[in-house]
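Every chain is numbered from 1 and lettered A, B, ... according to where its sequence line falls, protein lines coming before strand lines.
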2 protein chains.
Amino acid sequence: MKEEKQIRVLSVDDHPLMHEGIAALINNQTDMNLVAEASDGRSALLEFREHQPDITLMDLRLPDMNGIDAMISILKEFPNARVIILTMFEGDVEIQRALKSGARGYMLKTMPPKELVKVVRRVHAGKKHIPPEIAANLAEHFSNDALTPRETEVLAQIAEGNRNRDIAERLFISEETVKVHIKHIMDKLDANDRTQAVAIAIRRGIIQL
Amino acid sequence: MKEEKQIRVLSVDDHPLMHEGIAALINNQTDMNLVAEASDGRSALLEFREHQPDITLMDLRLPDMNGIDAMISILKEFPNARVIILTMFEGDVEIQRALKSGARGYMLKTMPPKELVKVVRRVHAGKKHIPPEIAANLAEHFSNDALTPRETEVLAQIAEGNRNRDIAERLFISEETVKVHIKHIMDKLDANDRTQAVAIAIRRGIIQL
DNA sequence: AATCAAATACCACAAAAGAGTTATTTAAAT
DNA sequence: ATTTAAATAACTCTTTTGTGGTATTTGATT
């Protein structure tokens with residue numbers, strides 16, 4: 001019954017039903033074993049410390065923090081941790097950030113279970129894995145855009161219904177500078193106006209709801 | 001092993017892992033039985049026809065159509081169908097639409113499994129169920145707003161970065177009328193400008209990404 | 001029959017946003 | 001040491017958005 005070298009998996013997700021599904025899937029594989037579960041970022045780190053799993057499946061939306069930040073906190077302590085982001089499709093910005101921050105894989109919850117376990121095995125074997133449909137979407141917004149931190153700040157202010165003058169006051173810059181930032185934002189996001197810029201940014205995960 | 005009167009459940013969700021989780025949960029109850037699964041709206045209706053389940057658990061985001069529309073298509077043919085919306089939190093507009101369209105319950109995927117099966121039993125017993133946290137949020141935006149169909153159209157146009165003049169042309173009305181609609185939209189959504197109106201509308205599920 | 005909400009439209013005015021150009025400072029990268 | 005990217009700012013001018021008020025038509029509701 002017991003395998004020699006099982007892949008020990010930690011699952012981090014705030015949906016109990018998803019946990020059950022992952023547990024059923026992983027434990028059905030002869031070469032895998034779900035060793036722990038966490039439903040928020042803080043306990044994810046605690047569980048990781050205790051069980052030191054081979055693979056961590058990490059959801060992006062957690063109640064206490066972003067899944068990427070949870071991953072970063074794990075990687076800081078355990079640089080060799082192999083974290084796979086497992087989420088429903090979010091914006092390309094999240095994916096880029098995840099990969100840049102050290103994720104070894106990115107999987108969609110809509111993928112068939114067989115694909116999911118394949119990815120777990122691939123990543124456990126030391127490879128990285130991003131599914132083709134995500135890679136394609138990533139390539140689309142790769143070379144060109146990417147907002148600077150300041151531009152993202154300005155964009156968040158716009159989404160809250162602030163006028164340029166108010167944004168200027170809040171960020172301690174002139175209204176003219178705000179306009180320059182907005183111009184760059186619209187150019188990068190290929191938006192006609194500030195309103196479409198916000199809509200696009202929300203869709204692509206640049207700003208959160 | 002077999003119970004006398006089991007609650008026969010159909011699960012509609014496009015996440016295979018969620019299906020597994022639901023299956024595990026339902027089949028673990030002595031008084032319930034998962035009789036069928038569907039991953040899109042079209043097959044949900046087909047499965048319903050074939051199995052005529054007591055309870056249908058319906059996700060809102062499906063690949064081919066909105067879960068509410070899938071529910072409506074089922075209710076048209078089977079007016080006594082008991083459909084429970086099971087989803088992660090969307091905007092209050094979706095919830096209102098679901099309940100108005102005949103949903104018997106609304107559950108969040110973040111709820112503990114024990115709560116979920118309780119709701120299934122309650123709805124099967126003929127009661128309706130909306131969790132308190134949702135009911136509270138619903139009350140907040142109840143009396144006041146609710147955009148008219150035309151206002152929603154205008155709002156969608158705004159979100160696409162169209163100017164008032166363009167919106168007027170597309171909807172075959174004058175620019176002045178567009179302005180009136182936008183004024184009403186901003187008043188109802190309590191937005192400072194068109195941009196915040198779009199952000200709020202996306203958050204509340206009035207317009208989709 | 002009377003009332004009400006929704007959609008339509010016009011006018012005038014004020015406020016804000018956006019386009020185009022130029023320029024300075026600082027920090028990072030080569 | 002030089003180049004580059006980011007952030008800052010000013011100026012002008014045009015376009016767009018937003019505010020306030022008034023008014024008409026139509027379809028529901030009472």
Side-chain angles (χ1 to χ4, degrees), chain A residues 93 96-97 100-101 141-202 204 206-207, chain B residues 93 96-97 100-101 141-202 204 206-207:
Chain A
V93 170
Q96 276 185 258
R97 230 193 107 211
K100 202 175 294 176
S101 304
H141 305 288
F142 189 66
S143 54
N144 37 348
D145 35 40
L147 301 190
T148 67
R150 198 54 159 176
E151 285 163 359
T152 308
E153 271 184 285
V154 171
L155 187 54
Q157 291 290 322
I158 295 173
E160 280 174 23
N162 290 313
R163 297 171 306 167
N164 293 347
R165 197 200 304 166
D166 297 332
I167 298 171
E169 276 181 27
R170 287 171 184 240
L171 302 184
F172 308 107
I173 55 181
S174 83
E175 193 177 334
E176 304 305 316
T177 304
V178 173
K179 283 188 178 187
V180 173
H181 285 312
I182 294 175
K183 176 91 181 106
H184 291 158
I185 291 168
M186 294 190 298
D187 285 348
K188 287 180 177 179
L189 299 186
D190 202 26
N192 295 332
D193 55 28
R194 49 169 54 210
T195 304
Q196 193 182 20
V198 166
I200 291 170
I202 292 173
R204 293 194 34 203
I206 296 169
I207 56 179
Chain B
V93 171
Q96 275 185 257
R97 229 191 107 212
K100 201 175 297 178
S101 305
H141 304 288
F142 189 67
S143 54
N144 38 349
D145 33 38
L147 301 190
T148 66
R150 197 54 158 175
E151 285 163 359
T152 309
E153 272 184 284
V154 171
L155 187 55
Q157 291 291 322
I158 295 174
E160 281 174 22
N162 291 313
R163 297 170 307 167
N164 293 346
R165 197 199 305 167
D166 297 333
I167 298 172
E169 276 181 27
R170 287 170 184 241
L171 301 185
F172 307 108
I173 54 181
S174 83
E175 193 176 334
E176 304 305 318
T177 304
V178 173
K179 282 188 176 185
V180 173
H181 286 311
I182 294 174
K183 177 87 181 108
H184 292 158
I185 292 168
M186 293 190 299
D187 286 347
K188 287 181 178 180
L189 298 185
D190 202 27
N192 294 332
D193 55 28
R194 50 171 52 211
T195 304
Q196 193 183 18
V198 166
I200 291 171
I202 292 173
R204 294 193 33 203
I206 295 168
I207 55 178

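Between A/Ser174 and D/dA9 there is a side-chain polar atom (N or O) within less than 4.0 angstrom of OP1 or OP2. Close to D/dT8, at under 4.0 Å from its OP1 or OP2, lies a side-chain N or O of A/Arg150.
The 5' end of DNA chain D is approached more closely, in terms of each residue's nearest nucleotide, by A/His184 than by the other of A/Lys179 and A/His184. Nearest-nucleotide assignment on DNA chain C puts the 5′-proximal partner with A/Arg165, out of A/Glu176 and A/Arg165. With DNA chain C read from its 5' end, the first of the two nearest nucleotides for B/Glu151 and A/Asn162 is the one closest to B/Glu151.
When all heavy atoms of A/Ile207 and A/Ala159 are compared, the closest pair comes out as CD1-CB, 3.8 Å. Contact detail for B/Asn192 and B/Met186: the closest heavy-atom pair is O-SD, 4.1 Å. For the pair B/Leu189 and B/Ala197, the tightest heavy-atom approach, listed with the atom from each and the gap, is CD1-O, 3.6 Å. Of all the heavy atoms in B/Thr152 and B/Ile206, the pair that sits closest is CG2-O, 4.1 Å.
Looking only at atom types and distance, the side chain of B/Asn162 has a donor-acceptor partner in the side chain of B/Gln157 under 3.5 Å away.
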Reading 5' to 3' through nucleotides 21-30 of chain C, protein heavy-atom contacts under 4.0 Å coded B for base, S for sugar-phosphate only, - for none: ----------
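By the 4.5 Å heavy-atom criterion applied to side chains, B/Asp190 and B/Gln196 are not counted as neighbours.
Put simply, CD on B/Gln196 is 17 Å from P on D/dT17, counting in whole angstrom units. Note: CG (B/Asp187) to P (D/dT19) measures 8 Å, nearest angstrom. Atoms CD1 (B/Ile182) and P (D/dT19) sit 10 Å apart, rounded to a whole Å. Distance, B/Met186 CE to D/dG20 P: 10 Å, rounded to whole Å. The distance from atom CD1 of A/Ile173 to atom C1' of D/dT8 is 8 Å, rounded to the nearest whole Å. B/His181 places its NE2 atom 15 Å from the P atom of D/dT17, with the value rounded to the nearest Å. Between B/Glu175 atom CD and D/dT17 atom P there is a gap of 7 Å when expressed in whole angstrom units. One can place CD1 of A/Ile185 at 13 Å from P of C/dA17, the figure rounded to the nearest angstrom.
Residue B/Thr148 places its side chain closer to C/dA6 than to any other of D/dG18, C/dA6, C/dA19.
If you check every strand for non-hydrogen atoms under 4.0 Å, B/Thr177 touches a base.
For the pair B/Lys183 and B/Asp187, the salt-bridge criterion is met [side-chain N within less than 4.0 Å of a carboxylate O].
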